[in-house]
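Notes follow once the structure below has been shown.
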There are 2 protein chains.
Amino acid sequence: MSGKSWFTNPFSNRASMLKRSILLVDDHRILLDGVKNLLAESNDFEVKDTATSGKEALQLMKSNEYDIMVTDYELPELTGLELIRAAKSVLPDMKMIVLSMHDDPAVVKELLRAGIHGYILKKDTHKTLVDALHKVIANRRFLSDEISDLLIQMADEPEEKGVLTTREVEILRLVAKEFSSRQIAEILFISERTVETHRKNILKKTGATNLVGLIKYAYANNLI
Amino acid sequence: MSGKSWFTNPFSNRASMLKRSILLVDDHRILLDGVKNLLAESNDFEVKDTATSGKEALQLMKSNEYDIMVTDYELPELTGLELIRAAKSVLPDMKMIVLSMHDDPAVVKELLRAGIHGYILKKDTHKTLVDALHKVIANRRFLSDEISDLLIQMADEPEEKGVLTTREVEILRLVAKEFSSRQIAEILFISERTVETHRKNILKKTGATNLVGLIKYAYANNLI
DNA sequence: TTTCGTATACCTAGTGGTGGGTATCTATTG
DNA sequence: CAATAGATACCCACCACTAGGTATACGAAA
């Protein structure tokens, strides 16, 4: 809809001076410095601003426009997912690429559902990032090789068997905070029996056999 | 001892063409690319080689010489600590700077004991890295601000209370693999009582009160 | 409307972990 | 040599967690 505006002018489209503006978000300044410097050599892109937290990024978005946001997933204050959802409402036409060190299937899936346009890993090269930038500008999606492999593997799995209900997640979080079933019962104003039932259901759903497996599941699914 | 050789020649010292060679080690290629590019602008340093694993770094050291190694702490195959110890025996005169995302007191202390010359965080700027490089070349040590604050805080604490013995770590790892005390006893050919005693000692040392705290400790200390 | 999922709650039994001890043997270190 | 730290092992009591059940109430979906 609104994306057509520049397309009506056949000249601006090809002008080599028109660089796509990037907002780069990562709490590691040294990476910020490095990537910005690398992209300075590009004719097509330029890092217009950088931010080291989700909050800072959102504030920049309120007073500026960007063609693409490249962001880490692990961020202080806001998580990457929260940032992406917020960004989507502030600048709906902006493309979003996640640059993360994690190749966790659950995270990737969730982010793709949230509407990101690319996902690359920090272990990928600078060239991969540039490829991704070009691809998303052309209204296509880009996934790093490892991530697409991951998604293919995931497709083989029958169905996500282990989706916890909100109540179960709530219980699991409290378990992970070192509360006993009794304490959880007191906190939630429910019977200890109910907590035990929830725990049993969680164990069954996650396939864990004891507390240890539960905590590892919680870590793997970013519940902690 | 051998470090005096260049010092005897007053000219080579100031020659602008003589750049200090750096070996850069990090499993994130995009950071590697970025930092290398940034340092290319420097008159004093140049990234001679890069490696994405400890093994690769060691192989490079066997056939090349470097003035400084800048390495991540979290590495595939070898840990940063192992790499540093190995590097020390291969190239004893090389300076070593750790560039990590973690500000874990225990890790920092251990690395300093292992003989590194600098410790900076990924959240630090490019300038900080350059400062560190200059400092270690001048035979001084460099710690990022946050790290020195950390060491000062640590000095207040009476003594490191929570250092697990190798056997305790071994037990903890097995606990984290969802083995019960009985199973661990069978695996290690020791009595279940002994395992229980170790577990109790681990709980006391880590300050945890139950399994959950134990697993979280294991995660926090990269034992999993 | 009936079925399904979710949250609630209880029962019994059995297993496993926690917390308080004590004690022996070995190796290292002041 | 004596002291210390680490690994080993046992005792008892208590509590928490796990593993089978069953059952009710509610709201949403088929």
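Below, chain A is the first sequence line, B the second, and so on; all start at residue 1.
The pair Glu196(A)-Arg199(A) does not count as a salt bridge, with every side-chain nitrogen at least 4.0 angstrom from each carboxylate oxygen. In this structure, Arg167(A) pairs ionically with Glu170(A), as a charged nitrogen and a carboxylate oxygen lie closer than 4.0 Å.
Closest approach to the Thr166(B) side chain among dC10(D), dA19(D), dA7(D) is made by dA7(D) (side chain taken as heavy atoms from C-beta onward). Nearest nucleotide to the Leu203(A) side chain, out of dC10(C), dC10(D), dT18(D): dT18(D). For Lys205(A), whose side chain is taken as the heavy atoms from C-beta onward, the closest listed nucleotide among dT6(C), dT8(C), dA7(D) is dT6(C). For Arg167(A), whose side chain is taken as the heavy atoms from C-beta onward, the closest listed nucleotide among dG21(C), dT8(D), dA7(C) is dA7(C).
Phosphate contact (OP1/OP2 of dA7(C), side-chain N/O of Thr165(A), threshold under 4.0 Å): present. Within the structure, a side-chain polar atom (N or O) of Arg199(B) is placed less than 4.0 Å from OP1 or OP2 of dT18(C). Taking side-chain N and O atoms only, Arg182(B) has no distance below 4.0 Å to OP1 or OP2 of dT15(C).
In this structure, Asn201(B) atom CG and dT22(C) atom P are separated by 14 Å, rounded to whole Å. We find that CZ of Arg193(A) is positioned 12 Å from P of dC17(D), with the value rounded to whole Å. The separation between Leu214(B) atom CG and dA16(D) atom C1' is 15 Å, rounded to whole Å. Rounded to whole Å, atom C1' of dC17(D) lies 7 Å from atom CG of Leu211(A). Put simply, CD on Glu196(B) is 12 Å from C1' on dC12(D), counting in whole angstrom units. The CD1-C1' distance, from Ile184(B) to dG17(C), rounds to 11 Å in whole Å. In this structure, CD of Gln183(B) is placed 14 Å from C1' of dG17(C), rounded to the nearest angstrom. The CD1-P distance, from Ile202(A) to dT18(D), rounds to 10 Å in whole Å.
When every heavy atom of Met94(B) is checked against every heavy atom of Ala87(B), the shortest pair comes out as CE-CB, 4.0 Å.
Counting any heavy atom pair closer than 4.0 Å across all strands shown, Asn210(A) reaches sugar-phosphate atoms only and no base atom.
Summarising the geometry, atom CG belonging to Asp145(A) is positioned 12.0 Å from atom CG belonging to Leu150(A); distances are rounded to the nearest 0.5 Å.
For Lys200(B) and Leu188(B), each mapped to the nucleotide of DNA chain D holding its nearest heavy atom, the one lying further toward the 5' end belongs to Leu188(B). If Ser181(A) and His198(B) are placed on DNA chain D by their nearest nucleotide, the residue sitting closer to the 5' end is His198(B).
Side chain Thr197(B) to base dC10(D): a donor-acceptor pair is found below 3.5 Å. Judged by atom type and distance alone, Thr194(A) does not reach the base of dC10(C) through any side-chain donor-acceptor pair under 3.5 Å.
Remark: Ser100(B) pairs with Asp72(B), Tyr73(B), Glu74(B), Val98(B), His102(B), Tyr119(B) by the side chain to side chain contact (heavy atoms under 4.5 Å, CB included) rule, at least two apart or across chains.
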